[in-house]
Amino acid sequence: FMITTFVQFFETLMSNHNSTMLKLPNFSNRIFLIDEVQALPPRLYIFFAAWLKTFCEKNNSYAIISTATMPHFSFPIKTHLDALKKPELLFKSFDKKENQPYELLDAKKYFAEDIFNRYKIDLIQEENFDTKALKVHIETQSQAVLVILNTIDDTKKLYAAFGDTENVILLNTHFIPMDRRRKIALAKEKLAKNEKVIIISTQLIEAGVDIDFPIVYRDLCPLPSLIQSAGRCNRNNKRAMGQVYFFNLLDENGKSRAELIYKNEAKEFLEFCKTHILHGVTENQLYGVQDLFFKSISENLTIGAYKIGNKDENMIQLVNEAKFETLGKFQLIDQSFFGSQYQYYIRENENDKSYDVLIDLMFKMVKAEGYEESTRYKIE
């Protein structure tokens, strides 16, 4: 088993760097299990499905992709596109319906079952719904509550509004993984005892965290995020119906917090939710809404269009023009947008000296006399 990240996987498939390409032989004769594929940028859904399928065909590999919010993978017909940008010309076999990815499960059939009707979504349509109003609304609940907000600052602000209380837990990526696991474990203990625990979290809890709340609050977001968040509500179907509240959190100037985060095309995804998520919509009704959402993405976004560095590029055109040096600069997480990444070592406690030991060995390796001594320190 090889366990890796989206960044490592997809950037390896796109890269032309020697260090990355050396990994490609490990990708042949493999079965890829790719979970939560909706976490990719929406304009890359179809491109990567076609790219991955072509790679698998050439390298005796298979890919299984899974998500509760499965995108559409067929090419929309766009006659106005330049020939060099047309996906059907680059991915010739993918263009035939029988060669496109097929469903292992009939999702429509299963979503019709009662077991997949675990919650309903109600809209909070109060004017001036800010942090203070959100706190008041949460306090009316008699059961445990999960609140998912769009930014770390929003989670801190709401947590501060509740004051220092042991039943309110703050969860975001400013905490190291060990602390996040401890907080989730504590919340599960309280849920098991039917205590009214409140978790205030960013979207880190949306995927990969098996936790079950009777009530979930979610700030305005694109449809896949809403469905992933709602998946933490009545997750184990122990209640007749879970309750999800969907709202548009405003700042002190009356501006939507979501619209400050989701810009450009992502803003259109917010507008889709405002239009199609109606008061009282239930889980089994969301399948049809999903279908509309992914159809609108495939029709309104250009496949393979992506910003590489500071320039808008089309990855299909780059392949057709053999501009692999430009294509090789592709980054799934664009540093020009998100900033540079730095790594820090945070001591577990005051007795944790492991970092100091490594630094000491590193300096010994650098100052070593001869290859043999240097290698010994490197191995150590």
Side-chain angles (χ1 to χ4, degrees), residues 5-18 20-21 23-24 27 32 34 37-59 63 65 67 69-97 99-101 222-224 262-272 293-339:
T5 62
F6 270 28
V7 169
Q8 282 287 317
F9 182 70
F10 288 110
E11 289 186 7
T12 298
L13 287 179
M14 301 303 299
S15 178
N16 70 330
H17 303 298
N18 287 345
T20 310
M21 291 177 75
K23 298 174 185 173
L24 281 177
F27 280 17
F32 303 115
I34 304 173
V37 75
Q38 86 293 336
L40 282 170
R43 61 170 64 248
L44 296 183
Y45 290 154
I46 301 173
F47 176 84
F48 268 128
W51 188 272
L52 181 57
K53 188 172 191 299
T54 306
F55 179 89
C56 287
E57 286 169 350
K58 292 179 181 294
N59 292 276
I65 54 178
T67 169
T69 48
M70 190 64 76
H72 285 197
F73 293 123
S74 55
F75 294 149
I77 303 302
K78 294 187 177 181
T79 53
H80 66 280
L81 274 184
D82 183 292
L84 289 172
K85 296 179 180 177
K86 287 186 176 179
E88 60 268 26
L89 298 184
L90 178 62
F91 304 110
K92 290 184 173 64
S93 66
F94 194 88
D95 193 35
K96 297 171 185 167
K97 189 158 184 67
N99 290 331
Q100 288 167 12
L223 184 68
Y262 297 104
K263 298 178 181 177
N264 303 324
E265 68 193 34
K267 199 168 182 179
E268 296 173 27
F269 303 155
L270 297 184
E271 291 304 319
F272 181 94
F293 177 73
F294 289 117
K295 202 172 281 180
S296 72
I297 283 178
S298 65
E299 289 171 357
N300 296 319
L301 298 182
T302 302
I303 297 169
Y306 203 67
K307 190 178 279 292
I308 297 179
N310 294 317
K311 194 175 175 188
D312 290 322
E313 301 280 5
N314 185 288
M315 295 198 281
I316 292 171
Q317 183 173 357
L318 291 177
V319 174
N320 283 326
E321 293 180 343
K323 292 183 178 177
F324 299 113
E325 192 172 329
T326 303
L327 187 66
K329 294 175 184 173
F330 165 80
Q331 288 184 309
L332 197 56
I333 301 174
D334 184 5
Q335 286 192 1
S336 67
F337 180 80
F338 288 100

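Bear in mind that the values here come from a model prediction, so they are computed numbers and not experimental data.
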**Student:** Where do Arg43 and Thr302 come nearest, in terms of heavy atoms and distance?
**Tutor:** NH1-O, 3.6 Å
**Student:** Can you tell whether the side chains of Glu271 and Lys267 come within less than 4.0 Å, N to carboxylate O?
**Tutor:** no
**Student:** Looking at Phe6 and Val37, what are the two nearest heavy atoms and their distance?
**Tutor:** CZ-CA, 4.0 Å
**Student:** Could you list the residues that satisfy side-chain hydrogen bond (donor to acceptor under 3.5 Å, both in side chains) with Lys86, not counting sequence neighbours?
**Tutor:** none
**Student:** Got more than 12 heavy atoms from elsewhere within 6.0 Å of CG, Asn18?
**Tutor:** no
**Student:** In terms of the angle between their ring planes, are Phe293 and Phe269 parallel, tilted or perpendicular, with boundaries placed at 30° and 60°?
**Tutor:** perpendicular
**Student:** Can you check whether Leu327's main-chain N or O pairs, donor with acceptor, with Glu313's side chain at less than 3.5 Å?
**Tutor:** no
**Student:** Nearest heavy-atom pair of Asn16 and Glu325: which atoms, and what distance?
**Tutor:** ND2-CA, 3.4 Å
**Student:** Could you list the donor-acceptor pairs under 3.5 angstrom formed between side-chain atoms of residues 69-76 and any protein atom two or more places apart in sequence or on another chain?
**Tutor:**
residue : atom : partner : partner atom : Å
Thr69   : OG1  : Thr67   : OG1          : 3.1
His72   : NE2  : Asp291  : OD1          : 2.8

**Student:** Which pair of non-hydrogen atoms, one from Ile316 and one from Ile303, has the smallest distance, and what is that distance?
**Tutor:** CD1-O, 3.7 Å
**Student:** Can you confirm whether Leu223 sits close enough to Phe294 that some side-chain heavy atom of one is under 4.5 Å from a side-chain heavy atom of the other?
**Tutor:** no
**Student:** Side chains of Leu40 and Tyr45, heavy atoms from C-beta outward: is any pair under 4.5 Å?
**Tutor:** yes
**Student:** Can you tell me how far the OG1 atom of Thr54 sits from the NZ atom of Lys92, to the nearest 0.5 Å?
**Tutor:** 10.5 Å
**Student:** On the 0 to 90° scale, with breaks at 30° and 60°, tag the Phe91-Phe47 ring pair as parallel, tilted or perpendicular.
**Tutor:** perpendicular
